[in-house]
2 protein chains.
Amino acid sequence: MSERELRRNLAILPIGTVRELTLLTDRQIRYYEQNELIAPNRGKGGQRRYSLNDVDRLLEIKDFLDAGDSIKDIQEIFAKQRRKAIEKQDSESALRRSLQKEFAQIGRFGR
Amino acid sequence: MSERELRRNLAILPIGTVRELTLLTDRQIRYYEQNELIAPNRGKGGQRRYSLNDVDRLLEIKDFLDAGDSIKDIQEIFAKQRRKAIEKQDSESALRRSLQKEFAQIGRFGR
DNA sequence: TTTCTTATGTTAGAAAACCTGACACGTATG
DNA sequence: CATACGTGTCAGGTTTTCTAACATAAGAAA
């Protein structure tokens with residue numbers, strides 16, 4: 001993961017600022033967690049800590065709900081996203097492997 | 001200010017995460033505030049809210065202290081930084097003005 | 001050396017924020 | 001109509017943060 005992605009995944013925000021950032025209520029935020037749409041970390045004393053990515057995701061959830069999607073719909077949307085991300089990742093590492101082979105050939109015969 | 005700078009100046013972090021991020025104690029963080037090295041916002045209930053820039057600045061302070069500078073030294077260093085930033089800003093807007101004049105001339109005579 | 005100053009530790013008591021669990025309710029849907 | 005869904009609200013308990021004060025080790029100054 002890149003430096004930037006790491007930072008965006010740091011669990012640094014308490015629920016209060018997430019509430020302000022998203023204009024959701026804490027009831028809503030916790031409900032979405034119960035339904036596995038987000039999975040914030042917990043700090044030492046057991047309090048939720050959100051990342052900037054979590055905030056993004058909450059805003060997405062809000063949009064989907066506003067658009068009429070149900071929570072189950074959103075679960076599936078996210079599941080699909082995950083599948084695609086994995087697929088993409090797989091195809092990329094396959095590409096890397098085949099390129100490696102190619103370069104190895106060049107190394108052996110091509111000079 | 002750019003979008004990015006705006007985000008970095010958002011007051012979103014409670015002192016607890018700042019403590020974890022900087023490895024300072026809250027006593028230290030508040031002491032530096034007392035000495036005007038940082039000026040965090042306050043949330044609704046009066047609790048301190050730090051921005052990512054505040055975190056950077058705290059890390060800077062830490063480095064200066066480790067290097068043997070006193071708090072007063074650091075105050076002056078920061079004051080100097082501010083002066084330079086303003087200077088730079090002034091010279092840039094002067095440049096903009098003179099370029100504007102120049103283009104105005106071209107507009108009037110140059111075709 | 002003795003006496004300040006500086007940066008930090010520690011403690012106490014109060015206020016704010018957060019936690020879980022439960023019950024309530026309006027709306028949409030089967 | 002009956003149910004499920006998403007959200008509001010409340011209570012009681014825990015965690016975090018707040019301010020203010022006193023304590024102290026190490027360096028600076030007298």
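In what follows, every chain begins at residue 1, and chains take the letters A, B, ... in the order their sequences are listed.
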Look at Gln47(A) and dC19(C) and indicate whether a side-chain polar atom (N or O) is within less than 4.0 Å of OP1 or OP2.
-> no
Between Glu33(B) (CD) and dA20(D) (P), how many Å, whole number?
-> 12 Å
Hey, mind stepping through Lys72(B) and Glu36(B) against salt bridge (Lys or Arg N to Asp or Glu O under 4.0 Å) and telling me if it holds?
-> CA-CA 10 Å; Lys72(B) 288 208 170 144; Glu36(B) 297 167 303; over 6 Å; no
Minimum-distance pair of heavy atoms, taken over all atoms of Ile71(B) and Leu65(B) = CG1-CD2, 4.3 Å
Residues of residues 12-20 of chain B with any non-hydrogen atom less than 4.0 angstrom from an atom of DNA chain D: list those, numerically ordered, please.
-> Pro14(B), Ile15(B), Gly16(B), Arg19(B)
Do Glu20(B) and Thr17(B) have side-chain atoms, one donor and one acceptor, less than 3.5 Å apart?
-> no
Does Arg48(B) make a side-chain N or O approach to OP1 or OP2 of dT17(D) shorter than 4.0 Å?
-> no
Which sits closer to the 5' end of DNA chain D, Arg27(B) or Thr25(A), going by the nucleotide each is nearest to?
-> Thr25(A)
Ile61(B) CD1 to dA7(C) P, in whole Å, measures 12 Å
Atom-pair distance (CZ on Arg30(B); P on dT17(D)), nearest Å = 8 Å
The side-chain contact (heavy atoms from CB on, under 4.5 Å) partner of Ile61(A) among Asp56(A), Ile77(A), Leu37(A) is Leu37(A)
Can you tell me the distance, in whole Å, between the CD1 atom of Ile29(A) and the P atom of dA17(C)?
-> 15 Å
CZ (Arg19(A)) and CD1 (Ile15(A)) are apart, to the nearest 0.5 Å, by 7.0 Å
So does Arg7(A) pair up with Glu3(A), basic N to acidic O under 4.0 Å?
-> yes
Think Arg57(A) forms a cation-pi with Tyr50(A), using NZ or CZ under 6.0 Å from the six-ring centre and within 45 degrees of its axis?
-> no
For dT7(D), does either OP1 or OP2 sit under 4.0 Å from a side-chain N or O belonging to Tyr31(A)?
-> no
Members of residues 38-46 of chain B that approach DNA chain C, where some heavy atom sits under 4.0 Å away | Gly45(B)
Report yes or no: do Asn53(B) and Arg8(B) form a side-chain donor-acceptor pair below 3.5 Å?
-> yes
Can you find a heavy atom in the side chain of Glu76(A) that is under 4.5 Å from one in the side chain of Asp73(A)?
-> no
